[in-house]
Student: 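Quick one: the structure is below, and I'll ask about it shortly.
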Amino acid sequence: MFKTVIKNIKFPELDNKIMKFWDENEIFLKTDQERQGCPEFVFYDGPPGTNGVPHIGHMLQSALKDLWPRFKTMRGYHVIRKAGWDTHGLPIELTAEKELKLASKRDIQSYGEEKYIDYCRSTVFRYKETWEKAIRRIGRFLDMDNPYMTLTNDYIQSDWYLLKLAWKKKLKPDQTEAQINGKSPRFLYKDYRILPYCARCGTSLSNFEVAEGYKDVTDLTLTAKFPVAGEANLFFAAWTTTAWTLLSNVALAVGPDIDYVAVQLKEDTSGGKAGQKIILAKERLESYQKQLSEYEIVWTKKGRDLQGMKYYPLWDWQEDKYAHRVLADEYVTTEDGTGIVHLALYGEDDFRLIRQGGFPLVQNVDEDGYCKDSAGQFAGRYFKDENLDIDILKDLHSRDLLLGKEKHEHSYPFCYRCNAALMYFARPGWFIRTASYRDEMLKANSHINWQPGHIKEGRFGNWLENTIDWNVTRERYWGSPLPLWTCDDPECQGELCVGSLDELRRSAIEDVDKILFNQKIGEIDLHKPLIDRVHIPCPECGKPMTRENFVLDSWFNAGLMFIGQWGYPSTPGSREIFDKQYPADFICEAIDQTRGWFYTLLATSTLFGMENGLPEDQWSCYKNVICTELVLDNEGLKMSKSKGNVIDPSILFDELGADATRWSFYTSNPWNVKRFSLDQARESVRDMLLPIWNAYSFFITYVHVDKWTPSAEETPSDHPLDRWIIGELTRLNRDVTSSLEKYDVAPAAWACTKFLDQLTNWYIRRSRRRFWKSEDDQDKQNAYATLYRALKDFSLLLAPFMPIISEEIYQNLVRSIDKSAPESVHLAKWPQPVLNEIDEELASRMDIARKIVRAGRDLRQKHSVKVRQPLEDIKVVIPNGAVTNVDGLRELILDELNVKDLCILSGDDELIQLKAKPNFRTLGPKYGKNVNHTAGIIRSLNENQIRQLENNFAIDVEDIQLAPEDIIIDRAAPEDVAVSEVEGVTVALNLKLSDDLIDEGRSRELVHLIQNMRKDADLNVADRIRLSYHTDGELDRAIQSQLDWIKSETLATEVKKVERSQNADLISQKIDGFDVYISIEKVETS
RNA sequence: GGGCCUAUAGCUCAGCUGGUUAGAGCGCACGCCUGAUAAGCGUGAGGUCAGAAGUUCAAAUCUUCUUAGGCCCA
């Protein structure tokens, strides 16, 4: 027997109940166990960092990430849903630095590397429980007991495995990169890159940190004169805002297409002596007017013609036979300075050009910000020492190498921690040659299904096209260690990349297990600082090698979770599970991951795939991906603490519950920016949850009255409502299934909303009488069986979306009467749509019936005739081409509109005016420019002509032949008749009231009053009553004429007309202005 | 500065390959219903489709530009 249903449902309480049920019965575990041996559906969960709290955007993520695993489990797949946590990376170190009040790497050194790293480790899981709670609260099934964590030894060894793969792989000799720098052809190689760097803190900064610290400052800028080699009195003029970088100048850059002039000074000026010739961009002449004064242009040349010219360095100690030449590059502009740029190894573009041009890598200011001994008279000076600029300036001036100086205001980055001026410094790092397998990554991308589609060729494709080699290391402390050892002898090139702990054991000089044993955590620990104490004999010279002091980019770390989560390949058993769990069918993250996780997964898995001989379509470790957008507040602003517009997810759960919160994310495309508000989320309760609950509760109420139970061999009903709703259910099943298979959630949700409307506002509404009528006939059985199936299947289809309410309904509708059924809706089979249950013809007839009803209601409203007042007849005109047969649906319409008769009129009734409208779709191609002339003719066609066309005859009008398909016939109602039209369906209601109709209407009013009294008396729907009333005259006549009907409607066993004095319980009411006195009394059944 | 996305009713969003009068839900107004009832239903008002130009017989839809917002990267 079905359990009774709480009318006053509180969804957050239902959440508790169902989640408790899941826990106690280990439903999640069973989704794993019961699908063992089934085909795998592979889902990868991206690892969030847990030193921050989850926000509403993560709820969107969770809602989506939970949907497909549930769906696929029901579809018969085995789905592993392993949680993951990102436990490395800069955010953790920044938190630690802040809390320990450490401002620099030097501070960290003096605090103690080991203590610092211990502290980092201790903060990693600070909000892990908060995360776990939020994930559970939204009803997500996720294995958080066995998560993958990037800090484990198994995971780190996966890092090592992949790095070793890259290290072993070499460029082919014909690949150009090998020629450029003559460096290691390995796919893992050491190089430099320019990073924002604080010399005082000894730390490079992330872009984000740099952005924190820009300030407007006034600096002394100067324009130096570089003497052209072999030409007396000819100089290049180059401008700089950082005089100290001149100490490391190695080249000058010009724009290839920029016009440069050599101007000869006519007199001595502050910038030079008469006769000297200065080279600068023509466009910049004007701004040097003061220094140049009177001059003459000697020649004009394009920048590219200056390329290769040699010049003398500003100081003797800078001499280097490979340096001090001019090169041309597009990046040079004439926006400021002289249009000639001095290059030193303290800028990103500089670095690129210096490298491309094969210039020496000179840095005369060291990483502490002091001039090196090689910097002549400036050795030992601090780079931002104010006098340094002035001394350089004076020195140049004294040797007539200064064209000009001025104060210049610009914005310059400062260290956000210590306020010192930053410099851009070349830092070492280890790189993976991603650029050399760009084409392979593009091929891999071609096999990925992106939602939304434009990401594939757009944002992500563009990013791949522009891939440069990937710096996978950071000069930090807390992270996966780079497993690369290089020879202590600087002359020796020996290096070794270690691919696993076992390999390290075999290779190391020391006893690895002893050195790496971390007392505090009681196990081997591969992190710094222990790993730094391991040495390996050099394969080249046999001397000891020391580990390169880097940790891995945490993006690299996270990017190889496809092997890392199993600890592949070093963990026993990982190969077997990896083979089954690669590649992922589905991942889902926010759009910022195109440069993050989406990219790093692809970059690592493509390398992995190529090296392991996987086919091209498996180079990407994910096949389908949904990119979600941001969740904003209802003003379209980013939620942030400072604006105070953050919606705490727990508020949603406490007020609305998990299902409603989830649903509010499913109803719009997740790849569009979502404006989110609590009010909007509340709509999910009102629009979906309550109507579902009401429908379910309605069913249970009547099932209890009739003690109905489903039987195994239901004969299919031929009632049109039943056949129709089953067809719509099947259609829903088909549409939801295909949408979800395409990873397109919103249309699936919309289809559910539409079905719910059809179920509640039409099927149940129109079937109510079938449930409450007293005969227990086949029709009633059919109604029960149909509604039962609709609710049951609907709950199955909703299960991936709203796991709670669907579980509750399933438990009652299925499990409470069939203990052999799957224990949970989430272990049940997804219903298979039987497509021949969709009767398209019936569906379109039903559609017309609903339109007729709408038009009829419209008329009643316009003429203020209540639905309780029966009317004689309704006339309906249905457009040509539509189904004219409403047989079987006639009763529905009559009942809904409370009319006695319905007649379908042929199209030529006087009710209707025929109008022809041009069908541009066919006319356009036929008439082209003359389409408007033809359209005019069509609009002025008379009814006869239209009828001819309607009857499929072509006609000629004004020499133009019109075909039937050229017009669209519009049946409009003339303004002055009581007629209404809804989407082509026109109806007329007969509003004339006969005495009989009036009597009927009044007795319906009486029934209405009695029903209200039943409700007020708290009677059960099946309780019988005795009815007493008093009235006279017209109203009494009406009651007498409908007595039997009134009795059956109100379940009155007897009706007594009484005098007012006879019964004190009589309650005074009014019907149509007549007084009536009524009392009811419940009949006690024995 | 570059790439990508977005702009449609008061709000949140649909609108496919150009083609009838641009749709839905919410909100609002009015009304209905009441044997799902601290629910339910209907009708109505409300739009120069961000702006401009172009292609076309025809543009919310295609092209270009502009404006505003967003994300990512420099």
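A, B, ... follow the sequence lines: proteins, then strands. Residue 1 opens every chain.
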Student: At less than 4.0 Å, is any side-chain N or O atom of A:Asn694 found next to OP1 or OP2 of B:A39? Yes or no.
Tutor: no
Student: Taking only residues two or more places apart in sequence, or in another chain, which ones meet A:Ala1052 in a side-chain contact (heavy atoms from CB on, under 4.5 Å)?
Tutor: A:Ile1025, A:Leu1027, A:Lys1047, A:Thr1050, A:Val1055
Student: Considering residues at least two apart in sequence or located in another chain, which fulfil the ring-ring contact (aromatic ring centres under 6.0 Å, His included) criterion with A:Tyr784?
Tutor: A:Trp708, A:Phe771
Student: Of the nucleotides B:C32, B:G70, B:C41, which one has an atom closest to the side chain of A:Arg857?
Tutor: B:C41
Student: OP1 or OP2 of B:A14 sitting under 4.0 Å from any side-chain N/O of A:Asn669?
Tutor: yes
Student: In this structure, which stretches of RNA chain B are paired as stems of three or more consecutive Watson-Crick or G-U pairs, both distances less than 3.5 Å?
Tutor: B:1-7 with B:67-73, B:10-13 with B:23-26, B:28-32 with B:40-44, B:50-54 with B:62-66
Student: Please enumerate all protein N or O atoms sitting under 3.5 Å from an N or O of nucleotides 25-29 of chain B, with distances to 0.1 Å.
Tutor:
unit_1, atom_1, unit_2, atom_2, d
B:C26, O3', A:Arg686, NH2, 3.3
B:C26, O2', A:Glu683, OE2, 2.8

Student: Should the pair A:Tyr666 and A:Trp663 be assigned to parallel (<30°), tilted (30 to 60°) or perpendicular (>60°) ring geometry?
Tutor: perpendicular
Student: Side-chain N or O of A:Arg868 less than 4.0 angstrom from OP1 or OP2 on B:C33?
Tutor: yes
Student: What is the distance, to the nearest angstrom, from the CG atom on A:Leu897 to the C1' atom on B:C41?
Tutor: 13 Å
Student: For residues 750-766 of chain A, pull every pair meeting salt bridge (Lys or Arg N to Asp or Glu O under 4.0 Å), keeping only residues two or more places apart or in separate chains.
Tutor: A:Asp757-A:Arg850, A:Arg765-A:Glu896, A:Arg766-A:Asp895, A:Arg766-A:Glu896
Student: For residues 453-467 of chain A, pull every pair meeting salt bridge (Lys or Arg N to Asp or Glu O under 4.0 Å), keeping only residues two or more places apart or in separate chains.
Tutor: none
Student: Quick one: is B:C4 close enough that its OP1 or OP2 comes under 4.0 Å of any side-chain N or O from A:His454?
Tutor: no
Student: Respond yes when some side-chain nitrogen or oxygen of A:Asn761 is under 4.0 Å from OP1 or OP2 of B:A36, and no when none is.
Tutor: no
